[in-house]
**Q** 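Please see the structure below; I have some questions.
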Protein chains: 2
Amino acid sequence: MKNLRPELIELLKKGYCTPRLSRLAAKTGSKATTIHYNIKQMEGDGIVKSYKAVFDHSKIEEGFCTFVLINLDRREYKTPEEIGKMLAKYQQVESVDIITGGWELIVKVRTKDIEEYYEFSKKALLIRGIDRTQTLSSLLEIKSEFVG
Amino acid sequence: MKNLRPELIELLKKGYCTPRLSRLAAKTGSKATTIHYNIKQMEGDGIVKSYKAVFDHSKIEEGFCTFVLINLDRREYKTPEEIGKMLAKYQQVESVDIITGGWELIVKVRTKDIEEYYEFSKKALLIRGIDRTQTLSSLLEIKSEFVG
DNA sequence: TAAATTTTTGAATATAATTCAAATCATGAA
DNA sequence: TTCATGATTTGAATTATATTCAAAAATTTA
């Protein structure tokens, strides 16, 4: 008998959820069929990309969160987009943005703890094309994607 | 006949979604009742906080994204937590973290455009307790919460 | 104003979630 | 190892919900 949680968490992070039409109908005062019609339309228009679960990061081995500011090495002629796409492949990386200001990239990383972050940084950040990085560790998440 | 989209978007941002047990069952090879049991358990343990929709920000008046690094004014004796909680109240603020490094706070902000960001910054960032801010505008979101 | 289009609705159907009792599996004490 | 206890999985029955579809209402266009 295997532990189903890890697999369920991975699937629910990406999708495998669906809107509750009847609840939305009750809340908005419309009929469920009307909600259905409107939501299918939003899905078709690409407004809604997916439905997913929001987790308590501290309870799924993602308790350590950092923002990494990245300066590229101009001599390597790598674009921010190329480097960004490489970083985006890591499952620890929650977001990657190309930015204006003193850095080319900002990356949000979630790991279990500082040790896992160290291992991540060695393989992901010590690469050709990245000149310098500045890691900002989150001490407290006051607000995050989920407001509840 | 009112446009239902704005209301639906607001509700779906926070919740009003539910896992698709039968799909998860098919995917994992377990029975739907087993998935049900396991997910209820995760909900009870506080691992799952909610189920929500993921939107294409560019299609819901949130096309402009910035990261704001904040230095507090020590003379005002406000804690990062106090200032952070004030900022968290704005609906344009996606996340607020207290961080280590050269700044006390990092805030992720989503607005329709640069004009709305300017209005936001005037009322949210020009307050007692905040000394200096550095705004990093996202030019391209290479990866964000949703991977698909 | 009429015609065409979009949106809402109700009724019928199809799917899926939930409940619950029984069976299976895992764990630890004797 | 065996037995007893608790946890997890399962199947059957029920309940709730989503989906389909044709018709009605509302809106837009000509």
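All chains are named by letter (A, B, ...) in the order of the sequence lines, taking the proteins before the strands, and each is independently numbered beginning at 1. Remember, predicted model here, so these are calculated numbers, not experimental data.
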**Q** Mapping B:K2 and A:P19 to their closest nucleotides on DNA chain D, which lands nearer the 5' end?
**A**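 The answer here is A:P19.
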
**Q** Does A:T34 put a side-chain nitrogen or oxygen below 4.0 Å from OP1 or OP2 of C:dT9?
**A**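 Yes.
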
**Q** Tell me, yes or no, whether the heavy-atom count around A:I114 atom CD1, taken from other residues, nucleotides or ligands under 6.0 Å, exceeds 12.
**A**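 Counting other residues, nucleotides and ligands, CD1 of A:I114 stays at 12 neighbours or fewer.
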
**Q** C:dA26 P sits how many Å from A:N3 CG, rounded?
**A**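 Result: 12 Å.
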
**Q** Side-chain N or O of A:S22 versus OP1/OP2 of D:dA18: is the shortest distance under 4.0 Å?
**A**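 True: A:S22 side-chain N/O within range (under 4.0 Å) of D:dA18 OP1/OP2.
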
**Q** Tell me: CD of A:Q41 to C1' of C:dT8, nearest whole Å?
**A**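 Checked: the CD to C1' distance equals 12 Å.
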
**Q** Could you tell me how far apart B:E43 (CD) and C:dA17 (P) are, to the nearest whole angstrom?
**A**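 Roughly 12 Å, once rounded to whole Å.
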
**Q** Which listed nucleotide (C:dA16, D:dT9, C:dT8) is nearest to the side chain of A:M1?
**A**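 The answer is D:dT9.
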
**Q** Between B:K40 and B:D45, does at least one N-O distance fall below 4.0 Å, as a salt bridge requires?
**A**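 Here B:K40 does not pair with B:D45 in a salt bridge, since their nearest N and O are not under 4.0 Å apart.
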
**Q** Could you tell me the separation between the NZ atom of A:K31 and the C1' atom of D:dT19, rounded to a whole number of Å?
**A**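 My rounded result for the distance is 17 Å.
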
**Q** Between B:Y37 and D:dT9, is there a contact of a side-chain N or O with OP1 or OP2 at under 4.0 Å?
**A**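 Answer no for this pair, as no side-chain N or O of B:Y37 is under 4.0 Å from OP1 or OP2.
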
**Q** Within less than 4.0 Å of OP1 or OP2 of D:dA18, is there a side-chain N or O belonging to B:R20?
**A**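 It does not, given that no N or O in the side chain of B:R20 lies less than 4.0 Å from OP1 or OP2 of D:dA18.
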
**Q** Answer yes when B:E61 and B:R110 have at least one side-chain N-carboxylate O distance shorter than 4.0 Å, and no when they do not.
**A**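 B:R110 and B:E61: not salt-bridged.
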
**Q** Measure CZ/B:R5 against C1'/C:dT6 and give the value in whole Å, please.
**A**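 Atom-to-atom, B:R5 to C:dT6, this comes out as 12 Å.
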
**Q** Find which nucleotide of DNA chain C each of A:I35 and B:L21 is nearest to by heavy atoms, and output the residue with the more 5' nucleotide.
**A**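 It is A:I35 whose nearest nucleotide is closer to the 5' end.
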
**Q** Closest approach to the side chain of B:N38, judged atom by atom: which nucleotide of D:dA18, D:dT9, C:dT9 is it?
**A**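 Among the listed nucleotides, the one closest to the side chain of B:N38 is D:dT9.
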
**Q** Closest-nucleotide mapping onto DNA chain C: is B:T33 or B:R23 further toward the 5' terminus? I mean the 5' end.
**A**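 Upstream on the strand: B:R23.
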
**Q** Donor-acceptor pair, distance only, cut-off 3.5 Å: does the side chain of A:D113 make one with the backbone of A:F64?
**A**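 No; judged by distance alone, with no hydrogens or angles, the pair does not exist.
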
**Q** Using whole Å, report how far CG of A:D45 lies from P of C:dT6.
**A**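 Rounding to the nearest Å, CG of A:D45 and P of C:dT6 are 12 Å apart.
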
**Q** Would you kindly give the CG-to-C1' distance between A:L4 and D:dT10, to the nearest whole Å?
**A**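 Result: 13 Å.
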
**Q** Do A:Y90 and A:F120 make the cut of ring centroids closer than 6.0 angstrom?
**A**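 Yes - the distance between ring centres of A:Y90 and A:F120 falls below the 6.0 Å cut-off.
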
**Q** Using only side-chain N and O atoms of B:H36, determine if any of them is under 4.0 Å from OP1 or OP2 of C:dT18.
**A**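 Indeed, a polar side-chain atom of B:H36 lies that close.
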
**Q** Rounding to an integer number of Å, can you tell me how far A:Y16 OH sits from C:dA17 P?
**A**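 Distance, rounded to whole Å: 13 Å.
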
